[in-house]
Amino acid sequence: MTAQWVMYGIKNCDKIKKARRFLEAAGINVEFHDYRVSGLSDALLTQFIDQLSFQTLLNTRGTTWRKLPEAEREAVVDNAKALMLANPAIIKRPVLRAPDGMLLLGFNEAAYQAFIQEKS
């Protein structure tokens, strides 16, 4: 099986849509993994955290975060992984995995262009 590009996120997210259009225009065939459809495994989240850190992954500006009880937000250092597994929408998006396994978080055209050139 050949390694391929994979994008992780939620289908209706505007940043996901922009990133997917950019990759399509660049001729990059990317598999899309929707957390709401395919779920998020502990092993996959561990890979994300190991490479990017939970602090970088955690979206504290979104509605999912704001809807959490204050006690959960305050205890995030102790339960970040469990919180993200229970609420995948709280993970910043998109997460793009290159064929070599390296990850890029978020969407920025210049960063994507550089990442694609480096990994292709």
Side-chain angles (χ1 to χ4, degrees):
M1 185 173 145
T2 311
Q4 62 183 5
W5 292 88
V6 181
M7 180 178 291
Y8 301 90
I10 296 169
K11 184 178 169 183
N12 62 350
C13 171
D14 288 339
K15 285 198 177 198
I16 293 285
K17 291 174 185 175
K18 288 177 188 175
R20 290 178 82 179
R21 282 193 297 268
F22 179 87
L23 291 169
E24 184 178 313
I28 302 294
N29 184 21
V30 64
E31 176 186 327
F32 183 67
H33 179 107
D34 190 328
Y35 300 135
R36 291 191 173 140
V37 174
S38 303
L40 176 63
S41 70
D42 186 271
L44 182 59
L45 182 56
T46 297
Q47 291 173 18
F48 289 178
I49 292 170
D50 287 349
Q51 203 174 130
L52 300 169
S53 86
F54 84 83
Q55 295 92 337
T56 303
L57 284 168
L58 197 60
N59 181 4
T60 58
R61 296 173 64 194
T63 55
T64 303
W65 175 260
R66 290 192 301 264
K67 288 180 181 179
L68 290 174
E70 189 174 338
E72 280 189 59
R73 291 191 308 244
E74 289 174 357
V76 73
V77 172
D78 298 326
N79 68 358
K81 187 175 180 184
L83 187 63
M84 288 187 271
L85 283 170
N87 304 284
I90 207 167
I91 297 171
K92 288 180 186 171
R93 343 181 246 278
V95 176
L96 180 63
R97 179 190 305 267
D100 68 357
M102 294 303 297
L103 302 172
L104 180 64
L105 180 63
F107 175 68
N108 169 289
E109 284 191 20
Y112 262 51
Q113 190 64 45
F115 193 65
I116 289 166
Q117 286 177 343
E118 179 185 330
K119 301 300 177 184
S120 293

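One-based numbering along the sequence shown. Atom set for the values below is all heavy atoms of this structure, side chains included, hydrogens, waters and symmetry mates excluded.
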Single-linkage hydrophobic cluster [X]~[Y], side-chain heavy atoms < 4.5 angstrom:
X	Y	result
Met102	Phe22	yes
Phe32	Tyr35	no
Ile16	Leu105	no
Val37	Met84	no
Val6	Leu52	yes

Any pair with a residue in residues 24-33 that passes side-chain hydrogen bond (donor to acceptor under 3.5 Å, both in side chains), sequence neighbours left out, goes on the list, sorted by first then second residue, please.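 Every side-chain hydrogen bond (donor to acceptor under 3.5 Å, both in side chains) pair that includes a residue of residues 24-33, provided the two are not neighbours, is Gln4-Glu31.
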Could you give all pairs that pass the side-chain hydrogen bond (donor to acceptor under 3.5 Å, both in side chains) test and reach residues 59-71, with sequence neighbours left out? none
Would you compute the distance between atom [atom1] of [X] and atom [atom2] of [Y] and round it to the nearest 0.5 angstrom?
X	Y	atom1	atom2	result
Leu96	Met7	CG	CE	5.5 Å
Asn87	Glu72	CG	CD	7.0 Å
Trp5	Leu23	CH2	CG	7.5 Å
Arg73	Leu58	CZ	CG	11.5 Å
Ile90	Leu68	CD1	CG	4.5 Å

With sequence neighbours excluded, what pairs up with Gln47 under the side chain to side chain contact (heavy atoms under 4.5 Å, CB included) test? Leu44, Arg97
Would you please name every residue forming a salt bridge (Lys or Arg N to Asp or Glu O under 4.0 Å) with Lys81, sequence neighbours left out?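 Checked Lys81 against salt bridge (Lys or Arg N to Asp or Glu O under 4.0 Å); matches are Asp42.
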List in chain and number order the residues that pass ring-ring contact (aromatic ring centres under 6.0 Å, His included) with Phe48, two or more places apart in sequence or in another chain; answer none if no residue qualifies.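 Partners of Phe48 by the ring-ring contact (aromatic ring centres under 6.0 Å, His included) criterion, ordered by chain and then number, come out as Tyr8.
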Is it true that a side-chain atom of Asn108 and a backbone atom of Ala111 form a donor plus acceptor pair closer than 3.5 Å?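 The answer is yes, because a donor-acceptor pair under 3.5 Å joins these two groups.
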Between Arg93 and Ile10 (side chain of the first, backbone of the second, donor and acceptor by atom type, cut-off under 3.5 Å), is there such a pair? no
Looking at side-chain heavy atoms only, is the closest gap between [X] and [Y] below 4.5 Å?
X	Y	result
Ile49	Leu57	yes
Arg36	Pro88	no
Asp14	Phe107	no

Give the table of side-chain donor-acceptor pairs shorter than 3.5 Å for residues 112-120, with sequence neighbours excluded, one pair per line with atom names and distance.
{"residue": "Lys119", "atom": "NZ", "partner": "Asp100", "partner atom": "OD2", "Å": "2.9"}
{"residue": "Ser120", "atom": "OG", "partner": "Ile116", "partner atom": "O", "Å": "2.8"}

Determine whether more than 12 heavy atoms belonging to other residues, nucleotides or ligands lie under 6.0 Å from atom NZ of Lys18. no
